[in-house]
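Here the structure comes first, spelled out in structure tokens, and everything after it is commentary.
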Protein chains: 2
Amino acid sequence: MGLVKHSFAVNRRALLATLAALPASSITPLASAALAQAPGGVLPSWNEGAAKQAILDFVRLTTDRSSPSYVDPAERIAVFDQDGTLWVEHPMYTQVVYCLERVPAVVEKKPELKDIAPFKTVLSGNREEIARLSLRDLEEILAATLTGMSVEEFNADAKRWLQTAKHPRWGRPYTELVYQPMLEVLRYLRDNDFKTYIVTGGGQDFVRVYSQQVYGIPPEQVVGTAGATTFGYDKDGKPFLTKEPKLLLNDDKAGKPEGIHLMIGRRPYAAFGNSTGDREMLEWTGAGPGARLKMLLLHDDAAREYAYGPAQGLHDSKVGTFTQGLYDEAKQKGWTMISMKNDWNEVFPPATVGRTTR
Amino acid sequence: MGLVKHSFAVNRRALLATLAALPASSITPLASAALAQAPGGVLPSWNEGAAKQAILDFVRLTTDRSSPSYVDPAERIAVFDQDGTLWVEHPMYTQVVYCLERVPAVVEKKPELKDIAPFKTVLSGNREEIARLSLRDLEEILAATLTGMSVEEFNADAKRWLQTAKHPRWGRPYTELVYQPMLEVLRYLRDNDFKTYIVTGGGQDFVRVYSQQVYGIPPEQVVGTAGATTFGYDKDGKPFLTKEPKLLLNDDKAGKPEGIHLMIGRRPYAAFGNSTGDREMLEWTGAGPGARLKMLLLHDDAAREYAYGPAQGLHDSKVGTFTQGLYDEAKQKGWTMISMKNDWNEVFPPATVGRTTR
């Protein structure tokens with residue numbers, strides 16, 4: 001977990017190649033069979049099968065007082081990756097879209113950036129050139145668009161953006177492109193006294209803006225990539241916090257268990273992920289005694305969402321890297337794979353007519 | 001909030017001078033009138049007065065649905081400094097005592113340190129020499145005793161120490177020298193749906209070891225000075241986290257609101273402190289709209305606890321620095337002062353015969 005000065009690390013997954021994919025994903029509303037009435041009982045959007053059964057078994061084992069794996073309610077912690085686990089991460093991480101779209105506002109305040117790469121490139125709108133930006137360029141864009149303002153200013157801007165921005169494929173707000181079956185798991189675990197946390201490589205402050213509304217997860221239960229803030233006073237002596245381009249926690253890969261220790265201080269009993277960035281979090285969860293739930297979502301449903309990772313050959317993935325090593329380890333350790341195609345009878349919540357925010 | 005490599009900052013209060021005070025504080029059990037039966041009602045250890053009334057008023061204003069200052073239960077956050085606010089900080093911060101007493105174990109593992117300052121000095125037991133150690137020396141001792149082991153090893157060792165270590169004045173475990181009136185405030189706020197947090201300059205991992213048992217505050221609601229950890233694997237491939245001598249958060253002064261943002265992500269509605277290290281936390285709390293409770297505990301009770309800070313002249317304090325500036329600001333902004341002597345009819349919980357741990 002290096003401390004990168006004046007930059008935001010974007011090393012968690014390869015981002016750039018995905019930019020090239022954008023033109024292909026124009027608005028193609030889903031002719032949705034997902035609106036079918038959900039069957040009753042818990043986890044109604046889950047088909048019967050090993051994945052659903054693993055969740056039910058885990059909750060029974062950890063909450064039944066007569067079980068040898070019974071867990072005290074105070075100890076019940078469940079952690080969820082966000083991008084690709086709770087919501088759509090293709091063709092690009094939502095937060096990166098936000099940062100790119102924020103560039104004009106940044107340039108307006110600092111006109112000297114207008115003719116300087118990489119800002120000039122982003123302003124050009126030329127997607128091929130944008131796709132060729134280096135990781136260093138992207139880090140510069142993230143630093144410029146996510147820092148330098150007060151936390152209140154950032155929150156207000158991100159909130160405003162989320163209310164109007166729409167996913168290119170479905171034309172729905174990003175915050176509606178959450179996985180209905182995962183919302184049911186979150187609720188089911190909370191109903192059984194689990195505290196649910198997001199543990200994301202995405203920006204902690206960004207996710208906190210909508211986590212309560214979208215997932216029922218309060219800001220204090222969001223662990224993410226986090227930068228420092230600096231306390232200061234405005235001209236009237238009123239204190240405020242400024243977001244600084246100094247990385248405190250790169251919450252990906254090994255940074256996930258490190259972030260869990262920093263922010264929660266307990267080992268989780270359940271962990272959900274979908275990519276190599278979640279590997280150490282699942283290992284850390286699984287290394288504790290008693291019943292531990294380790295689940296990996298496979299994106300194998302091109303019709304309803306996307307097919308990448310193991311579904312498309314392990315070397316073909318762009319966002320949401322899923323290596324052969326992760327696949328082999330998951331098999332060997334008996335982690336439970338979730339097939340989006342086979343295990344879910346719905347993918348997204350029903351669209352609400354006229355609703356643009358959640 | 002600088003990132004100090006290979007050192008733990010001990011800059012939050014002057015520690016060294018307090019070491020000299022140790023010999024004077026031999027075991028002098030308190031002939032305790034504090035065992036008197038508590039009167040009924042909420043906050044029974046609080047005498048009627050402005051301080052108790054401020055707490056009652058604040059809870060009424062923020063929880064009565066008809067109040068213009070009503071606060072949604074999800075937003076109800078209350079933060080508490082620990083040293084000198086929830087438990088005794090004189091004559092020395094408990095964690096510093098722990099670190100000094102851990103030196104022999106560290107030297108046993110690394111014999112080469114035996115003849116090297118500052119470890120040699122600590123091993124000598126010569127309190128006058130120990131009192132002359134520089135801040136840099138103390139930082140070296142903290143780094144050597146709080147890092148380099150796995151988080152499990154640290155937790156087990158700190159827990160073991162807390163079970164046997166006793167305060168020199170009362171001969172009771174440190175974890176029993178918590179303020180009964182503050183335990184009542186914690187409970188009263190929780191009964192009114194406030195989430196209670198510790199926000200301490202002390203080590204986050206250290207306080208988490210006992211926070212649930214002692215204060216009813218779970219580890220995930222402890223914000224403290226925090227170092228990095230590094231994820232790795234043992235020879236059997238089992239993952240573990242190593243505590244590193246790299247500071248992520250110096251949770252004192254301006255670091256307190258910064259830590260609150262990092263770990264909680266919301267502005268508190270109530271904040272309790274007792275020293276200059278809590279000033280920015282109270283300012284940050286008070287700068288929000290609506291009803292906000294800002295309280296400062298004054299140590300003015302030499303008979304039952306200690307008298308320092310404003311009670312003894314502002315320049316006379318050693319642990320728990322309380323500057324004239326803080327005093328003036330508190331007066332000017334109407335922060336509520338708690339007089340230990342006048343506002344509390346009990347200071348500590350009744351001693352439990354034969355109980356050495358809580």
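Worth saying up front: this structure is predicted, and the values here are computed from it rather than measured. Lettering of chains follows the sequences in order, A, B, ..., and the numbering in each one begins at 1. Heavy-atom basis, side chains included; hydrogens, waters and symmetry copies ignored.
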Looking only at heavy atoms, the pair that brings A/P219 and B/G265 closest together is CB-O, 4.4 Å
If every non-hydrogen atom of B/E258 is compared with every non-hydrogen atom of A/T230, which pair is closest and at what distance?
OE2-CA, 3.4 Å
Side chains of B/H261 and A/Q204, heavy atoms from C-beta outward: is any pair under 4.5 Å?
no
Rounded to the nearest 0.5 Å, the CG atom of A/L249 sits from the CG atom of B/L249 at a distance of 12.0 Å
Euclidean distance, B/Q221 CD relative to A/I264 CD1, rounded to 0.5 Å
12.0 Å
If you draw a 6.0 Å radius around [atom1] in [X], do more than 12 non-hydrogen atoms from other residues or ligands fall strictly inside?
{"X": "A/K333", "atom1": "NZ", "value": "yes"}
{"X": "A/R266", "atom1": "CZ", "value": "yes"}
{"X": "A/R187", "atom1": "CZ", "value": "no"}

Which answer fits A/D205, side chain, backbone, both or neither, if we ask what part of it has an atom under 4.5 Å from a heavy atom of chain B?
side chain
Which answer fits A/E75, side chain, backbone, both or neither, if we ask what part of it has an atom under 4.5 Å from a heavy atom of chain B?
neither
Does the side chain to side chain contact (heavy atoms under 4.5 Å, CB included) test come out yes or no for A/M281 and B/F231, once each step is laid out?
CA-CA 10 Å; A/M281 177 168 79; B/F231 181 86; over 6 Å; no
Under a 4.0 Å threshold between the charged nitrogen and the carboxylate oxygen, would A/K238 count as salt-bridged to B/E283?
no
Return the option, out of B/A74, B/G286, B/A254, B/G237, with the maximum number of heavy-atom pairs under 4.5 Å with chain A.
B/A254
Evaluate B/K195 against A/E220 for side chain to side chain contact (heavy atoms under 4.5 Å, CB included), listing each step before the verdict.
CA-CA 11 Å; B/K195 240 179 179 170; A/E220 60 269 26; 2.8 Å; yes
Step-by-step side chain to side chain contact (heavy atoms under 4.5 Å, CB included) determination, B/L262 to A/L248
CA-CA 9 Å; B/L262 176 68; A/L248 288 184; 4.1 Å; yes
